[in-house]
Colleague: 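I'd like to ask some things about the structure below.
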Amino acid sequence: MRLRPFRLDDLQTLYEIDQACFVPGISYTRQELAAFIGHSRSQTWIAEDGDRIVGFLIASTEPRKILHIVTIDVLESWRRRRVGTLLMDAAEDWARDRDLRMMGLETAQDNLEAQKFYMSRGYRKVHEIRGYYADGTTAWVMVKDLAL
Ligand SMILES: CC(C)(COP(=O)(O)OP(=O)(O)OC[C@H]1O[C@@H](n2cnc3c(N)ncnc32)[C@H](O)[C@@H]1OP(=O)(O)O)[C@@H](O)C(=O)NCCC(=O)NCCS
């Protein structure tokens with residue numbers, strides 16, 4: 001298992017993984033994914049086993065020294081094997097190296113697995129955004145103070 005940067009020919013695979021990870025309304029379109037990845041403030045990490053992509057993380061640097069997790073996706077058959085940990089460690093280390101202050105993200109209110117994953121890493125729920133997702137699902141905003 002190793003991490004590497006995004007390559008243009010990864011896009012279709014990332015799209016397929018995102019479609020498998022999230023229900024319609026929460027998953028991204030191919031165009032949305034391409035726009036997030038291509039944005040000048042964004043960083044993408046790819047987790048690979050051999051030449052197979054098993055997970056990825058997209059993050060975007062926001063005002064007030066926040067690194068915002070756009071999405072983290074791990075193939076179902078690879079979950080609970082620390083792929084998510086590897087990806088989040090890389091993103092948090094990247095943020096610390098740039099003196100960013102805080103990590104932030106949104107997660108669906110009913111995505112209890114993801115909330116447990118984030119809480120195990122020191123994230124806390126700060127508030128809800130009703131109707132955040134296209135399918136009407138409420139999101140939790142979760143943050144982690146990188147100085148702690
Ligand atoms: C959330 C997600 C990224 C976690 O990735 P992962 O590779 O399975 O996570 P890890 O193996 O690194 O887990 C680290 C710790 O987080 C916690 N955790 C992770 N998944 C969990 C689950 N389903 N239930 C309870 N705790 C969980 C555990 O404490 C775990 O440590 P342990 O396995 O030693 O108990 C993955 O489940 C996923 O891709 N889900 C679908 C997409 C998604 O919901 N992404 C988040 C969107 S906001």
Side-chain angles (χ1 to χ4, degrees), residues 1-39 41-62 66-97 100 102-146 148:
M1 174 68 51
R2 67 184 183 113
L3 296 186
R4 64 161 174 82
F6 172 79
R7 293 193 303 251
L8 269 183
D9 63 357
D10 294 330
L11 184 61
Q12 178 62 23
T13 305
L14 302 200
Y15 171 68
E16 287 166 11
I17 293 175
D18 194 66
Q19 291 288 306
C21 280
F22 297 102
V23 296
I26 294 189
S27 61
Y28 291 123
T29 65
R30 200 182 282 98
Q31 290 74 16
E32 284 171 328
L33 267 186
F36 284 130
I37 292 167
H39 198 281
R41 291 195 314 258
S42 95
Q43 294 290 322
T44 300
W45 288 265
I46 305 287
E48 210 171 40
D49 177 58
D51 58 4
R52 184 180 187 208
I53 297 175
V54 297
F56 68 98
L57 184 157
I58 306 171
S60 164
T61 307
E62 304 292 340
I66 295 172
L67 187 66
H68 180 241
I69 304 294
V70 174
T71 194
I72 174 170
D73 298 33
V74 174
L75 279 178
E76 192 163 9
S77 55
W78 278 82
R79 292 186 195 156
R80 301 305 283 268
R81 293 163 72 176
R82 302 262 148 193
V83 179
T85 297
L86 191 67
L87 288 162
M88 289 294 282
D89 283 350
E92 291 174 10
D93 287 348
W94 186 93
R96 281 193 193 91
D97 286 348
L100 302 188
M102 189 166 275
M103 304 292 294
L105 58 91
E106 294 82 30
T107 189
Q109 195 178 40
D110 57 2
N111 192 347
L112 303 181
E113 290 81 7
Q115 290 164 32
K116 284 178 190 155
F117 170 70
Y118 294 128
M119 286 191 288
S120 78
R121 301 188 57 84
Y123 287 71
R124 60 193 163 86
K125 295 174 181 172
V126 283
H127 61 88
E128 291 178 333
I129 308 176
R130 290 188 187 278
Y132 177 80
Y133 294 101
D135 68 352
T137 301
T138 296
W140 273 111
V141 175
M142 299 185 76
V143 299
K144 175 176 178 173
D145 188 337
L146 288 172
L148 295 180

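This one's a predicted model, so the numbers in the text were calculated from it and none came from an experiment.
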Colleague: Hey, is the main chain of Tyr28 close enough, under 3.5 Å, to the side chain of Gln19 for a donor-acceptor pair?
Modeller: yes
Colleague: What are the two closest heavy atoms between Val54 and Met1, and how far apart are they?
Modeller: CG2-CE, 3.6 Å
Colleague: Can you tell me how far OG1 of Thr71 sits from CG of Leu105, rounded to the nearest 0.5 angstrom?
Modeller: 10.0 Å
Colleague: Got a second to check how far Met103's CE is from Glu62's CD, nearest 0.5 Å?
Modeller: 11.5 Å
Colleague: What pair of heavy atoms forms the shortest contact from Phe36 to Ser42, and how long is it?
Modeller: O-OG, 2.7 Å
Colleague: Do Asp135 and Ile26 make a side-chain contact, defined as non-hydrogen atoms from C-beta onward lying under 4.5 Å apart?
Modeller: yes
Colleague: Using a 6.0 Å cut-off, check whether atom CG of Leu8 has over 12 heavy atoms from anything other than its own residue.
Modeller: no
Colleague: Exactly one of Leu87, Ile37, Ile72, Asp73 should register a side-chain contact (heavy atoms from CB on, under 4.5 Å) with Ile58. Which one does?
Modeller: Ile37
Colleague: Could you check whether any side-chain heavy atom of Ile46 comes within less than 4.5 Å of a side-chain heavy atom of Leu3, counting everything from C-beta outward?
Modeller: no
Colleague: Decide yes or no on side-chain contact (heavy atoms from CB on, under 4.5 Å) for Val141 and Ile129, but give the supporting numbers first.
Modeller: CA-CA 7 Å; Val141 175; Ile129 308 176; 3.6 Å; yes
Colleague: Please walk me through it: do Trp45 and Leu86 pass side-chain contact (heavy atoms from CB on, under 4.5 Å)?
Modeller: CA-CA 10 Å; Trp45 288 265; Leu86 191 67; over 6 Å; no
Colleague: For Arg121 and Asp89: C-alpha separation, side-chain torsions, deciding distance, then whether salt bridge (charged side-chain N to carboxylate O under 4.0 Å, His left out) applies.
Modeller: CA-CA 9 Å; Arg121 301 188 57 84; Asp89 283 350; 2.7 Å; yes
Colleague: Could you state the interatomic distance from CG (Leu67) to CG (Leu100), rounded to the nearest 0.5 Å?
Modeller: 6.0 Å
Colleague: How many angstroms lie between CE in Met119 and CG in Leu112, if you round to the nearest 0.5 Å?
Modeller: 8.5 Å
Colleague: Please list, chain by chain and in numerical order, all residues satisfying salt bridge (Lys or Arg N to Asp or Glu O under 4.0 Å) with Glu106, sequence neighbours excluded.
Modeller: none
Colleague: Side chains of Tyr132 and Thr137, heavy atoms from C-beta outward: is any pair under 4.5 Å?
Modeller: no
Colleague: Tell me which pairs pass salt bridge (Lys or Arg N to Asp or Glu O under 4.0 Å) where either residue lies in residues 7-36, with sequence neighbours left out.
Modeller: Arg4-Asp10, Arg7-Asp9
Colleague: With a 4.5 Å heavy-atom cut-off, do Phe56 and Phe6 have their side chains touching?
Modeller: no
Colleague: Where do Gln115 and Ala108 come nearest, in terms of heavy atoms and distance?
Modeller: NE2-O, 2.9 Å
Colleague: List the steps, then state whether salt bridge (charged side-chain N to carboxylate O under 4.0 Å, His left out) holds for Asp49 with Arg52.
Modeller: CA-CA 5 Å; Asp49 177 58; Arg52 184 180 187 208; over 6 Å; no
Colleague: How close do Tyr133 and Gly25 get, counting heavy atoms only, and between which atoms?
Modeller: CB-O, 3.8 Å
Colleague: Quick one, Thr61 and Ile66 - any side-chain contact, counting heavy atoms below 4.5 Å?
Modeller: no
Colleague: Hey, is the main chain of Thr138 close enough, under 3.5 Å, to the side chain of Arg130 for a donor-acceptor pair?
Modeller: no
Colleague: Rounded to the nearest 0.5 Å, what separation is found between the CG atom of Leu14 and the OG1 atom of Thr44?
Modeller: 7.5 Å
Colleague: What's the shortest heavy-atom distance between Val74 and Cys21, and which atoms?
Modeller: O-SG, 3.6 Å
Colleague: Go through the steps for Asn111 and Trp140 under the test side-chain contact (heavy atoms from CB on, under 4.5 Å), then give the verdict.
Modeller: CA-CA 10 Å; Asn111 192 347; Trp140 273 111; over 6 Å; no
Colleague: Using a 3.5 Å distance criterion without hydrogens, assess whether the side chain of Glu92 forms a donor-acceptor pair with backbone atoms of Leu146.
Modeller: no
Colleague: What are the two closest non-hydrogen atoms of Met142 and Thr107, and how far apart are they?
Modeller: SD-CG2, 3.8 Å
Colleague: List the residues meeting ring-ring contact (aromatic ring centres under 6.0 Å, His included) with Tyr123, not counting sequence neighbours, and say none if there are none.
Modeller: Tyr118
Colleague: Exactly one of His68, Lys125, Arg124 should register a side-chain contact (heavy atoms from CB on, under 4.5 Å) with Val143. Which one does?
Modeller: Arg124
Colleague: Between Ile17 and Leu75, is any pair of side-chain heavy atoms under 4.5 Å apart?
Modeller: yes
Colleague: Tell me if the CD atom of Gln12 is crowded by more than 12 foreign heavy atoms within 6.0 Å.
Modeller: yes
